[in-house]
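Read the numbers this way: they start at 1 and go in the same order the structure lists the ligands and their atoms. Numbers here are sequence positions counted from 1. Computed over heavy atoms, backbone and side chain alike; hydrogens, waters and symmetry mates excluded.
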Amino acid sequence: MTEAIEKAVARRRTFAIISHPDAGKTTLTEKLLLFGGAIQLAGEVKAKKDKIQTRSDWMKIERERGISVVTSVMTFEYGDHVFNLLDTPGHEDFADDTYRTLTAVDSAVMVIDAAKGIEPRTLKLFEVCRLRDIPIVTFVNKMDRETRDPFEILDEVEEKLALDTAPVTWPIGRGRSFGGTYHLADNAIRRGDADKEWIKVNGPQSEQVSGSLPANERDAFVEEMELAREACRPFDLSAFRDGHLTPVFFGSALRNFGVRDLIEALGAWAPSPRDQEADTRTIHATEDKMTSFVFKIQANMDPNHRDRIAFVRVCSGKLERGMKAKLVRTGKPMSLSAPQFFFARTRVTADEAFAGDVVGIPNHGTLRIGDTLTEGEELLFRGVPNFAPEILRRVRLGDPMKAKKLKEALQQMAEEGVVQLFTPEDGSPAIVGVVGALQLDVLKERLNAEYGLPVDFETARFSVCRWITADSANELDRFVEAHRGDIARDLDDDPVFLAPHEFGLNYEAERWKQIRFAAIKDYQVREAA
Ligand code: G4P
């Protein structure tokens, strides 16, 4: 490994923010960018988010998607570190996009609304992080408002997420009297993010602390701090890195409290780009040779050029402009002539990128989600997942003469991850599958606008879809043969079993014990096997 690579890797922190809508993700993102100097004015991120979509208004959806792309990855520096913050779509109908993005991060910040605690979507996203052992830093937001008791919030995290907590800071007052954060281990305070440095104090009863609190709350604060010190776990770096413990910070993104505490913690404790498992071996982030994988594809970023951008997470080495990479799925070389970095508003040519960085690679459909790029080595990264769709529809085309064009268009949409495409074995029309209904709206609009294909959707007689595998190829063939009318192939030609309902699925699963029915498929597992 070269020193330059080692140094670049050590500085990088690639993370995402997970939260339930309204907990304050946008506000926090904006503040992180502001303190990192990436944006000049608060309000930029917010302004974009305000153009929120309503159902069935596709222009807005598309705009929202466009926006979430321009801000897809936000890079900022703070102290000695380079932070790559990967944005995830706000709407849960695009959940699979979010899950895929989480495969490209090394840590996550979980934002909790101090009045609400753990909400359903936070829980779901947390579970995805846990599957991949992603370390989580918790930010309890909105401490400037009426909140729940901090101990109660910590208990809830421990119980609902089965995750140990270690409060690193403690709120000095709350609601109207929220006046800063107290560093439990260091005996230091910040009266807000305007304090760049921590101010050392003699203890919770010291004057600097009580000066930030109304007289009638001071004793209670001292007591609470004693209890916190006695009852709470101390921070443990290895438990955090293993995903068993979360350091907890309290603050208010809106009123500028605790955000600096959080960035510093990410710099100090969040892991630098991690080693990544490929099918043949483990890839270390500091290796010389470039490896990377595609976790997201975005079309129509620039309406004048019908280009597609593949978002690539670099896993090792140095990705340089102009280099030749090997697309392992096809074995073909690919010239990376115009890799790009994305900032809050603009994109710029990326001359070089290191592990942990995300670059956009313009292409005309060569790259697919899950693809691996290397400098020649035959290896495939695993783990950009496909989730079994929850809504299945047949696509009905007004003009049957255009069936071939529709097939091509659907194939492209599926490669971009807009929808999943299943081709029934019995020759009946294709079935599209999505996780959320909004994805169907996007598909319909895009087929019309980009391919001149007005379509409608018909309910299929299926509502459940599972990838099927078996240890014995014979057994799998037997199952497929016996269920030909209920079998389809996905984009990779892997078989799926379609059932009218869960009951039907369970019934078959009972009868065919040798067959595995999977609700999640990692891309390219078949090709890697
Ligand atoms: P999201 O991206 O997670 O959906 O949340 P967002 O940041 O948009 O915040 C949701 C609402 O909560 C916003 O109010 C925002 O101003 C507010 N908020 C965020 N952080 C804090 C905080 O620390 N304290 C308080 N009191 N409020 C906070 P809104 O009324 O929906 O928007 P706006 O009209 O205020 O911009």
Side-chain angles (χ1 to χ4, degrees), residues 15-36 38-39 41-54 60-61 63-65 67-74 85-95 97-98 101-102 108-126 128-129 136-148 150 153 169-181 190-195 248-263 344 436 438:
F15 71 105
I17 300 179
I18 59 171
S19 65
H20 193 83
D22 245 26
K25 186 174 90 160
T26 312
T27 313
L28 180 63
T29 300
E30 194 175 283
K31 293 298 160 73
L32 289 169
L33 295 179
L34 191 63
F35 293 139
I39 53 173
L41 291 170
E44 287 205 22
V45 181
K46 187 78 194 172
K48 288 170 193 158
K49 191 194 141 187
D50 283 347
K51 298 172 186 164
I52 203 110
Q53 76 274 5
T54 50
K60 286 188 187 160
I61 298 166
R63 211 180 303 143
E64 149 84 0
R65 278 174 69 82
I67 288 152
S68 98
V69 166
V70 179
T71 59
S72 250
V73 42
M74 290 162 274
L85 168 51
L86 272 53
D87 193 26
T88 51
H91 201 290
E92 71 177 319
D93 277 13
F94 300 112
D97 225 23
T98 300
T101 298
L102 290 176
V109 170
M110 174 168 74
V111 179
I112 298 176
D113 181 329
K116 296 191 177 146
I118 302 288
E119 296 174 86
R121 200 152 147 68
T122 323
L123 181 63
K124 209 162 173 190
L125 291 168
F126 168 77
V128 177
C129 291
I136 309 266
V137 179
T138 301
F139 186 76
V140 181
N141 191 31
K142 305 198 187 183
M143 289 305 295
D144 60 311
R145 292 223 298 228
E146 200 62 32
T147 73
R148 287 170 43 187
I153 297 172
T169 63
W170 201 261
I172 303 174
R174 35 189 183 273
R176 278 165 186 273
S177 34
F178 184 44
T181 48
R190 261 200 184 117
R191 293 154 308 182
D193 291 321
D195 284 341
V248 180
F249 293 84
F250 294 88
S252 163
L254 187 67
R255 311 247 173 258
N256 302 324
F257 286 100
V259 179
R260 247 181 236 288
D261 308 353
L262 177 71
I263 314 185
L438 271 177

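Remark: Phe139 CZ to Leu32 CG distance equals 8.5 Å, nearest 0.5 Å.
A donor-acceptor pair is defined here as one N or O able to donate and one able to accept, closer than 3.5 Å; such a pair exists between the side chain of Arg148 and the backbone of Lys116. In terms of modelled atom types and a separation under 3.5 Å, the side chain of Lys25 and the main chain of Ile18 share no donor-acceptor contact. Between the side chain of Asp193 and the backbone N or O of Val259, at least one donor-acceptor pair lies under 3.5 Å. Between the Arg190 side chain and the Asp195 main chain, a donor and an acceptor come within less than 3.5 Å of each other.
The side chain of Asp144, and not its backbone, has at least one atom closer than 4.0 Å to an atom of ligand 1 (non-hydrogen atoms only; side chain from C-beta on). In Thr26, the parts holding a heavy atom less than 4.0 Å from any atom of ligand 1 are both the side chain and the backbone.
Inclusion of Gly24 in the set of residues having an N or O under 3.5 Å from an N or O of ligand 1 is warranted. Between Lys142 and ligand 1, a contact under 3.5 Å exists for at least one N or O pair. Between Pro21 and ligand 1, a contact under 3.5 Å exists for no N or O pair.
Listed by chain and number, the residues in a salt bridge (Lys or Arg N to Asp or Glu O under 4.0 Å) with Arg145 amount to none (sequence neighbours excluded). For Arg260, the side-chain hydrogen bond (donor to acceptor under 3.5 Å, both in side chains) partners are Tyr78, not counting sequence neighbours.
Each of the following atoms of ligand 1 lies closer than 4.0 Å to a heavy atom of Ala253: 23 (O). Heavy-atom proximity to Thr27, at under 4.0 Å, picks out these atoms of ligand 1: 6 (P), 7 (O), 9 (O), 15 (C), 19 (C). Atoms of ligand 1 lying under 4.0 Å from any heavy atom of Lys25, numbered from 1 in the order shown and given with element: 1 (P), 2 (O), 3 (O), 5 (O), 7 (O). Every atom of ligand 1 with a heavy atom of Ser252 under 4.0 Å away is listed here by number and element: 22 (C), 23 (O), 24 (N).
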